[in-house]
There are 2 protein chains.
Amino acid sequence: MGLRIGQLASRTYVNKETIRYYERLGLIPIPSRTAKGYRIYKAQTVDRVNFIKKLKRLGFTLNEIDKLLGVVDRNEVKCRDIYDFTVNKIGEIQHKIEELNKLEKMLVDLKKRCPENKEIYECPIIESLM
Amino acid sequence: MGLRIGQLASRTYVNKETIRYYERLGLIPIPSRTAKGYRIYKAQTVDRVNFIKKLKRLGFTLNEIDKLLGVVDRNEVKCRDIYDFTVNKIGEIQHKIEELNKLEKMLVDLKKRCPENKEIYECPIIESLM
DNA sequence: GTTGACCCTGTACTTTGGTACAGGGTTTAT
DNA sequence: ATAAACCCTGTACCAAAGTACAGGGTCAAC
């Protein structure tokens, strides 16, 4: 009743070695063990690993993810400066969204002007982004 | 008339070694040289380096930045598959924006419930994001 | 004419985020 | 009872994106 590391790995599409690595970093709870030392994970660890994957895709470092998870876990030490951290992160995220919006517009525009990858006429990428 | 590497570095807040590294990767144009071999950069290289910094902050790898710059430079080789690349990037960016919006809402919500970094009551981060 | 602040190349080291064994034990299915 | 498919620890290795010398030359100022 619980998952072994291989099952957790295949359910999350995350390498076994990476899971052990995350354990070393303290990103996932220390699993219980069978009598012979095999790791046994709770089903919710699947969500946890998926959450880590998602944040990674969004550009967070494992260190930042650790802080965010400190909040999830109500970990006194990890989320000591969580207020500043979140305020900061919100600012960063808003900025990132704006910049990504600009970049997206630029790319859409580029794609229009270059309909079948044939000719590239004008591309004021730098000007439009600076 | 032109910048030396130290000036380019201090104007962009990018390490001199990093600038030479970008040159090796082909991200910035090969600068001219003085008689004694000192690199001389055009003023616009400042913009170029800043553009690279900006894309990096947005989560692009140097490899992706190289492709994007291939478009800027109308480089036939570098932007051969630029159409697919941009279509793909647009999708990724849209997805990223959505996810960042969700994360931002979550953080704003968290901040409200934890007004002065004193108590953290509830924090369904995982649930709200999955 | 020498001191300090630059610059050069080349190589080596660092950090982050993993991956890949080696060398060993365990479990399951036949 | 013996493969095949797991799991363990520990160490080594990898790529990306830098960063840090070592060992040498240059230039400006005093």
Side-chain angles (χ1 to χ4, degrees), chain A residues 1-42 45-46 48-70 78 92, chain B residues 1-42 45-46 48-70 78 85 89 92:
Chain A
M1 253 292 46
L3 305 160
R4 279 186 311 176
I5 195 163
Q7 298 174 300
L8 179 56
S10 62
R11 263 163 227 212
T12 56
Y13 303 95
V14 167
N15 207 306
K16 278 187 284 187
E17 328 270 11
T18 304
I19 290 169
R20 286 193 275 252
Y21 176 63
Y22 287 171
E23 182 180 324
R24 281 204 296 290
L25 296 185
L27 295 179
I28 53 175
I30 292 164
S32 53
R33 300 274 184 144
T34 66
K36 291 299 179 183
Y38 285 24
R39 287 171 179 80
I40 297 297
Y41 295 97
K42 285 178 266 174
T45 307
V46 174
R48 181 107 173 178
V49 173
N50 281 329
F51 183 59
I52 292 169
K53 277 176 73 181
K54 176 160 290 185
L55 289 177
K56 250 168 43 58
R57 277 201 306 278
L58 291 178
F60 293 90
T61 66
L62 295 184
N63 211 293
E64 291 174 322
I65 293 170
D66 190 44
K67 269 178 181 294
L68 240 11
L69 287 170
K78 282 188 187 174
E92 271 176 42
Chain B
M1 251 291 47
L3 305 161
R4 279 185 311 175
I5 195 164
Q7 297 174 300
L8 179 56
S10 62
R11 262 162 229 214
T12 56
Y13 303 96
V14 167
N15 206 306
K16 276 186 285 187
E17 328 272 8
T18 304
I19 289 169
R20 286 192 275 250
Y21 176 63
Y22 287 170
E23 182 180 323
R24 280 204 297 290
L25 296 185
L27 295 179
I28 53 175
I30 293 165
S32 54
R33 300 271 185 148
T34 66
K36 290 298 178 182
Y38 286 25
R39 286 170 180 81
I40 297 298
Y41 296 97
K42 282 176 268 170
T45 307
V46 174
R48 181 105 173 177
V49 173
N50 281 328
F51 182 60
I52 293 170
K53 276 177 75 181
K54 175 161 289 185
L55 288 178
K56 251 170 41 60
R57 277 200 306 278
L58 292 177
F60 293 90
T61 65
L62 295 184
N63 210 295
E64 291 174 323
I65 293 170
D66 190 44
K67 269 178 180 296
L68 240 11
L69 288 170
K78 282 189 187 174
F85 177 73
K89 269 301 152 219
E92 271 175 44

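All of these numbers come straight from a predicted model, not from anything done at the bench. Below, read A as the first sequence line, B as the second, and so on, with proteins coming before strands; counting in each chain starts at 1.
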Write down the distance between [atom1] ([X]) and [atom2] ([N]), rounded to a whole number of angstrom.
X: Tyr21(B); N: dA15(D); atom1: OH; atom2: P; answer: 12 Å
X: Ile40(B); N: dT26(D); atom1: CD1; atom2: C1'; answer: 13 Å
X: Glu23(A); N: dG17(C); atom1: CD; atom2: P; answer: 18 Å
X: Leu3(A); N: dC6(D); atom1: CG; atom2: P; answer: 15 Å
X: Ile52(B); N: dA17(D); atom1: CD1; atom2: C1'; answer: 13 Å
X: Leu25(B); N: dA16(D); atom1: CG; atom2: P; answer: 10 Å
X: Glu64(A); N: dG17(C); atom1: CD; atom2: C1'; answer: 14 Å
X: Lys53(A); N: dG17(C); atom1: NZ; atom2: P; answer: 17 Å

Report all interatomic pairs (protein N or O, nucleotide N or O of nucleotides 2-5 of chain C) with separations under 3.5 Å.
none

Distance-only check: which donor-acceptor pairs under 3.5 Å involve side-chain atoms of residues 55-62 of chain B, not counting sequence neighbours?
from: Thr61(B); atom 1: OG1; to: Asn63(B); atom 2: N; distance (Å): 3.4
from: Thr61(B); atom 1: OG1; to: Glu64(B); atom 2: N; distance (Å): 3.1

Below the 4.0 Å mark, does [N] have OP1 or OP2 next to a side-chain nitrogen or oxygen of [X]?
X: Tyr22(B); N: dA17(D); value: no
X: Asn15(A); N: dT19(C); value: yes
X: Thr18(A); N: dT19(C); value: yes

Do you know the tightest heavy-atom contact between Ala9(A) and Asn15(A)? CB-C, 4.4 Å
Smallest heavy-atom separation, Ile52(B) atom then Ile65(B) atom, equals O-CD1, 3.8 Å
Using a heavy-atom cut-off of 4.0 Å across all strands, would you classify Thr61(B) as base, sugar-phosphate, or nothing? sugar-phosphate
Would you give me the side-chain donor-acceptor pairs under 3.5 Å for residues 23-36 of chain B, sequence neighbours excluded?
from: Glu23(B); atom 1: OE1; to: Arg39(B); atom 2: NE; distance (Å): 2.8
from: Ser32(B); atom 1: OG; to: Ile40(B); atom 2: O; distance (Å): 3.3
from: Arg33(B); atom 1: NH1; to: Gly37(B); atom 2: O; distance (Å): 2.7
from: Thr34(B); atom 1: OG1; to: Lys36(B); atom 2: N; distance (Å): 3.3
from: Thr34(B); atom 1: OG1; to: Gly37(B); atom 2: N; distance (Å): 3.4
from: Thr34(B); atom 1: OG1; to: Tyr38(B); atom 2: N; distance (Å): 3.0

Could you write out each protein N or O paired with an N or O of nucleotides 7-10 of chain D at a distance under 3.5 Å?
from: dC7(D); atom 1: OP1; to: Gly6(A); atom 2: N; distance (Å): 2.9
from: dC7(D); atom 1: OP2; to: Lys16(A); atom 2: NZ; distance (Å): 3.2
from: dC8(D); atom 1: OP1; to: Arg39(A); atom 2: N; distance (Å): 2.9
from: dC8(D); atom 1: OP1; to: Arg39(A); atom 2: NH1; distance (Å): 2.8
from: dC8(D); atom 1: OP2; to: Arg20(A); atom 2: NH1; distance (Å): 2.4
from: dC8(D); atom 1: OP2; to: Arg39(A); atom 2: NH1; distance (Å): 3.3
from: dC8(D); atom 1: O3'; to: Arg33(A); atom 2: NH1; distance (Å): 3.3
from: dT9(D); atom 1: OP1; to: Arg33(A); atom 2: NH1; distance (Å): 3.3
from: dT9(D); atom 1: OP1; to: Arg33(A); atom 2: NH2; distance (Å): 3.1
from: dT9(D); atom 1: OP2; to: Arg39(A); atom 2: NH1; distance (Å): 3.0
from: dT9(D); atom 1: OP2; to: Arg39(A); atom 2: NH2; distance (Å): 2.8

Got Ile19(B) and Leu8(B) here, is their nearest side-chain heavy-atom distance under 4.5 Å?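 Yes, close enough: below the 4.5 Å cut-off.
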Restricting to nitrogen or oxygen on both sides, can you table the protein-nucleotides 11-14 of chain C pairs closer than 3.5 Å?
none

Summary of side-chain hydrogen bond (donor to acceptor under 3.5 Å, both in side chains) pairs that have at least one residue in residues 3-13 of chain B, sequence neighbours excluded: none
Sequence neighbours excluded, which residues qualify as side-chain hydrogen bond (donor to acceptor under 3.5 Å, both in side chains) partners of Glu92(A)? Lys89(A)
